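Before any comments, here is the structure.
Everything numeric here is computed off the predicted structure, so don't read it as measured data.
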Amino acid sequence: MAMQLAGLVLGGIGLVGTCAVTGMPQWRVTAFIDNNIVVFEAQWEGLWMNCVRQANIRMQCKIYDSLLALTPDLQAGRALMCVGVVLSFLAFMIAIIGMKCTVCVEDNMKTKGIILLVAGITFILSGIIVLIPVSWTGNQIIRDFYNPLVLPSQKRELGDALYIGWTTALVLIVGGIILCLSFRNGEKEVRYSLPPKTVSSAPQRKPSSLYSKSQYV
(Lines give C-alpha, C1' and ligand atoms only; values in the text may rest on other atoms or scores of the structure.)
Protein backbone atom coordinates (compact mmCIF):
# COMPACT_ATOMS: atom_id res chain seq x y z
CA MET A 1 0.00 0.00 0.00
CA ALA A 2 2.84 2.42 0.81
CA MET A 3 4.55 1.69 -2.51
CA GLN A 4 1.31 2.25 -4.38
CA LEU A 5 0.74 5.59 -2.68
CA ALA A 6 4.33 6.67 -3.35
CA GLY A 7 4.03 5.76 -7.03
CA LEU A 8 0.69 7.54 -7.32
CA VAL A 9 2.01 10.71 -5.65
CA LEU A 10 5.10 10.77 -7.88
CA GLY A 11 2.91 10.21 -10.92
CA GLY A 12 0.65 13.10 -9.91
CA ILE A 13 3.67 15.37 -9.46
CA GLY A 14 4.92 14.29 -12.88
CA LEU A 15 1.53 15.04 -14.42
CA VAL A 16 1.52 18.57 -12.98
CA GLY A 17 5.12 19.09 -14.08
CA THR A 18 4.37 17.90 -17.61
CA CYS A 19 1.47 20.34 -17.94
CA ALA A 20 3.63 23.17 -16.56
CA VAL A 21 6.54 22.49 -18.90
CA THR A 22 4.21 22.32 -21.89
CA GLY A 23 2.78 25.77 -21.19
CA MET A 24 5.91 27.58 -19.96
CA PRO A 25 7.59 29.98 -22.42
CA GLN A 26 11.07 29.62 -20.85
CA TRP A 27 12.40 26.92 -23.16
CA ARG A 28 14.94 29.25 -24.75
CA VAL A 29 16.11 32.44 -23.05
CA THR A 30 18.35 35.24 -24.20
CA ALA A 31 22.08 34.62 -23.81
CA PHE A 32 23.81 37.70 -22.38
CA ILE A 33 27.27 37.27 -23.87
CA ASP A 34 27.90 40.82 -25.05
CA ASN A 35 29.85 43.47 -23.20
CA ASN A 36 26.68 45.12 -21.92
CA ILE A 37 26.73 45.30 -18.13
CA VAL A 38 23.13 46.44 -17.70
CA VAL A 39 20.50 44.50 -19.64
CA PHE A 40 16.99 45.89 -19.85
CA GLU A 41 15.34 43.24 -22.01
CA ALA A 42 15.08 39.47 -21.94
CA GLN A 43 13.51 37.21 -24.56
CA TRP A 44 11.83 33.89 -23.89
CA GLU A 45 10.84 31.30 -26.49
CA GLY A 46 8.43 28.49 -25.73
CA LEU A 47 6.34 25.92 -27.55
CA TRP A 48 3.33 28.17 -28.00
CA MET A 49 4.55 31.77 -27.67
CA ASN A 50 7.54 34.05 -27.28
CA CYS A 51 7.75 36.71 -24.60
CA VAL A 52 9.75 39.89 -24.09
CA ARG A 53 10.40 41.04 -20.54
CA GLN A 54 11.67 44.56 -19.97
CA ALA A 55 13.54 45.51 -16.79
CA ASN A 56 11.64 42.92 -14.70
CA ILE A 57 8.58 45.16 -14.84
CA ARG A 58 6.68 44.63 -18.07
CA MET A 59 6.26 41.46 -20.10
CA GLN A 60 4.60 41.03 -23.47
CA CYS A 61 3.85 37.64 -25.04
CA LYS A 62 2.79 36.76 -28.56
CA ILE A 63 1.48 33.44 -29.81
CA TYR A 64 3.25 32.07 -32.86
CA ASP A 65 1.42 32.87 -36.09
CA SER A 66 2.32 29.57 -37.71
CA LEU A 67 3.77 26.21 -36.72
CA LEU A 68 6.38 26.63 -39.45
CA ALA A 69 7.82 29.60 -37.55
CA LEU A 70 9.21 27.20 -34.95
CA THR A 71 12.49 25.38 -35.15
CA PRO A 72 12.29 21.59 -35.79
CA ASP A 73 13.06 20.74 -32.16
CA LEU A 74 10.24 22.95 -30.90
CA GLN A 75 7.83 21.59 -33.51
CA ALA A 76 8.52 18.04 -32.39
CA GLY A 77 8.49 19.17 -28.76
CA ARG A 78 4.98 20.57 -29.09
CA ALA A 79 3.62 17.27 -30.39
CA LEU A 80 5.54 15.07 -27.96
CA MET A 81 4.66 17.16 -24.92
CA CYS A 82 0.96 16.97 -25.79
CA VAL A 83 1.27 13.19 -26.04
CA GLY A 84 3.12 13.17 -22.71
CA VAL A 85 0.32 15.11 -21.02
CA VAL A 86 -2.32 12.69 -22.31
CA LEU A 87 -0.34 9.59 -21.34
CA SER A 88 0.52 10.84 -17.85
CA PHE A 89 -3.14 11.74 -17.23
CA LEU A 90 -4.31 8.31 -18.39
CA ALA A 91 -1.65 6.62 -16.26
CA PHE A 92 -2.73 8.62 -13.21
CA MET A 93 -6.40 7.65 -13.65
CA ILE A 94 -5.52 3.99 -14.28
CA ALA A 95 -3.33 3.95 -11.15
CA ILE A 96 -6.24 5.27 -9.06
CA ILE A 97 -8.43 2.40 -10.30
CA GLY A 98 -5.77 -0.16 -9.36
CA MET A 99 -5.16 1.10 -5.83
CA LYS A 100 -6.01 -1.19 -2.93
CA CYS A 101 -8.06 1.54 -1.27
CA THR A 102 -10.50 1.71 -4.19
CA VAL A 103 -13.36 -0.68 -4.98
CA CYS A 104 -13.55 -0.19 -8.73
CA VAL A 105 -12.81 -3.84 -9.58
CA GLU A 106 -14.52 -5.44 -6.55
CA ASP A 107 -11.30 -6.05 -4.57
CA ASN A 108 -9.84 -8.46 -7.12
CA MET A 109 -6.15 -8.20 -6.20
CA LYS A 110 -4.89 -9.95 -9.31
CA THR A 111 -6.82 -7.62 -11.60
CA LYS A 112 -5.70 -4.58 -9.60
CA GLY A 113 -2.10 -5.73 -9.87
CA ILE A 114 -2.38 -5.92 -13.65
CA ILE A 115 -3.97 -2.45 -13.72
CA LEU A 116 -1.10 -1.04 -11.64
CA LEU A 117 1.41 -2.67 -13.98
CA VAL A 118 -0.26 -1.00 -16.96
CA ALA A 119 -0.24 2.34 -15.12
CA GLY A 120 3.45 1.97 -14.24
CA ILE A 121 4.43 1.16 -17.82
CA THR A 122 2.39 4.14 -19.06
CA PHE A 123 4.12 6.45 -16.55
CA ILE A 124 7.54 5.23 -17.73
CA LEU A 125 6.54 5.73 -21.36
CA SER A 126 5.28 9.25 -20.66
CA GLY A 127 8.53 10.08 -18.85
CA ILE A 128 10.57 8.96 -21.86
CA ILE A 129 8.35 10.98 -24.19
CA VAL A 130 8.85 14.10 -22.02
CA LEU A 131 12.60 13.49 -21.89
CA ILE A 132 13.01 13.38 -25.68
CA PRO A 133 11.96 16.97 -26.62
CA VAL A 134 13.58 18.51 -23.54
CA SER A 135 16.93 16.85 -24.25
CA TRP A 136 16.68 17.59 -27.97
CA THR A 137 16.08 21.29 -27.36
CA GLY A 138 18.84 21.46 -24.76
CA ASN A 139 21.30 19.80 -27.12
CA GLN A 140 20.39 22.22 -29.91
CA ILE A 141 20.84 25.24 -27.66
CA ILE A 142 24.28 24.08 -26.51
CA ARG A 143 25.42 23.36 -30.07
CA ASP A 144 24.31 26.79 -31.29
CA PHE A 145 25.90 28.49 -28.31
CA TYR A 146 29.36 27.11 -29.09
CA ASN A 147 28.98 27.43 -32.85
CA PRO A 148 31.14 30.34 -34.06
CA LEU A 149 29.00 30.74 -37.19
CA VAL A 150 25.92 31.69 -35.14
CA LEU A 151 25.56 35.38 -34.39
CA PRO A 152 25.68 36.38 -30.69
CA SER A 153 22.19 37.89 -30.95
CA GLN A 154 20.79 34.52 -32.07
CA LYS A 155 22.39 32.46 -29.31
CA ARG A 156 20.19 31.25 -26.49
CA GLU A 157 20.60 29.65 -23.06
CA LEU A 158 18.79 26.82 -21.31
CA GLY A 159 15.52 28.02 -19.84
CA ASP A 160 13.80 27.03 -16.62
CA ALA A 161 11.31 24.84 -18.51
CA LEU A 162 14.11 22.49 -19.58
CA TYR A 163 15.34 21.92 -16.03
CA ILE A 164 11.79 21.32 -14.84
CA GLY A 165 11.27 18.97 -17.79
CA TRP A 166 14.28 16.85 -16.89
CA THR A 167 13.10 16.63 -13.28
CA THR A 168 9.56 15.79 -14.39
CA ALA A 169 10.76 12.99 -16.66
CA LEU A 170 12.79 11.49 -13.82
CA VAL A 171 9.82 11.68 -11.43
CA LEU A 172 7.53 9.98 -13.95
CA ILE A 173 9.97 7.17 -14.59
CA VAL A 174 10.60 6.58 -10.88
CA GLY A 175 6.86 6.60 -10.14
CA GLY A 176 6.25 4.07 -12.91
CA ILE A 177 9.02 1.79 -11.62
CA ILE A 178 7.55 1.90 -8.10
CA LEU A 179 4.10 0.91 -9.42
CA CYS A 180 5.63 -1.98 -11.38
CA LEU A 181 7.48 -3.16 -8.27
CA SER A 182 4.26 -2.95 -6.24
CA PHE A 183 2.67 -5.29 -8.79
CA ARG A 184 5.43 -7.85 -8.23
CA ASN A 185 5.12 -7.60 -4.46
CA GLY A 186 1.34 -7.97 -4.69
CA GLU A 187 1.73 -11.04 -6.87
CA LYS A 188 4.03 -12.67 -4.30
CA GLU A 189 1.63 -11.77 -1.50
CA VAL A 190 -1.30 -13.39 -3.29
CA ARG A 191 0.82 -16.45 -4.05
CA TYR A 192 1.92 -16.88 -0.44
CA SER A 193 -1.50 -16.24 1.03
CA LEU A 194 -3.23 -19.12 -0.79
CA PRO A 195 -4.73 -21.61 1.66
CA PRO A 196 -2.98 -24.99 1.84
CA LYS A 197 -4.62 -27.84 0.06
CA THR A 198 -6.55 -30.12 2.44
CA VAL A 199 -5.94 -33.78 2.08
CA SER A 200 -9.27 -35.46 1.60
CA SER A 201 -9.63 -38.44 3.88
CA ALA A 202 -11.21 -41.60 2.52
CA PRO A 203 -14.65 -42.32 3.93
CA GLN A 204 -14.52 -44.83 6.73
CA ARG A 205 -16.41 -48.04 6.17
CA LYS A 206 -18.68 -49.19 8.86
CA PRO A 207 -17.58 -52.42 10.51
CA SER A 208 -19.51 -55.38 9.32
CA SER A 209 -21.67 -57.15 11.78
CA LEU A 210 -20.29 -60.28 13.44
CA TYR A 211 -23.53 -62.16 12.84
CA SER A 212 -24.77 -63.39 9.55
CA LYS A 213 -28.25 -62.64 8.26
CA SER A 214 -29.38 -66.26 8.92
CA GLN A 215 -28.71 -65.93 12.62
CA TYR A 216 -31.21 -63.04 12.94
CA VAL A 217 -34.03 -65.20 11.65
- Got Ile97 and Met93 here, is their nearest side-chain heavy-atom distance under 4.5 Å? no

- Sidechain-backbone polar pair: Thr30 side chain, Gln43 backbone, donor-acceptor under 3.5 Å: yes

- Determine the sole option in Ile177, Ile178, Leu172 for which the side-chain contact (heavy atoms from CB on, under 4.5 Å) test with Val174 is passed. Ile178

- Note on the structure: In this structure, CG of Leu80 is separated from OG1 of Thr22 (nearest 0.5 Å) by 10.5 Å

- Hey, could you give me the CG/CG distance between Leu10 and Leu15, rounded to the nearest 0.5 Å? 12.5 Å

- Task: Would you check if the side chain of Trp27 reaches a backbone N or O of Val21 as a donor-acceptor pair within less than 3.5 Å?
- Result: yes

- Tyr64 atom OH, neighbour heavy-atom count above 12 within 6.0 Å: yes

- Query: About how many Å separate CG of Leu47 and CG of Leu70, when rounded to the nearest 0.5 Å?
  - Reply: 7.5 Å

- Spacing of Met24 atom CE and Leu162 atom CG [to the nearest 0.5 Å]: 9.0 Å

- Roughly how far, to the nearest 0.5 Å, is CG of Asp160 from CH2 of Trp44? 8.0 Å

- Query: With distance as the sole test, does Thr137 use its side chain to make a donor-acceptor pair with the main-chain N or O of Val134 at under 3.5 Å?
  - Reply: no

- Query: Would you find a donor on one side and an acceptor on the other, under 3.5 Å apart, between the side chain of Lys155 and the backbone of Phe145?
  - Reply: yes

- So CD of Glu45 and OG1 of Thr71: to nearest 0.5 Å the spacing works out to 7.5 Å

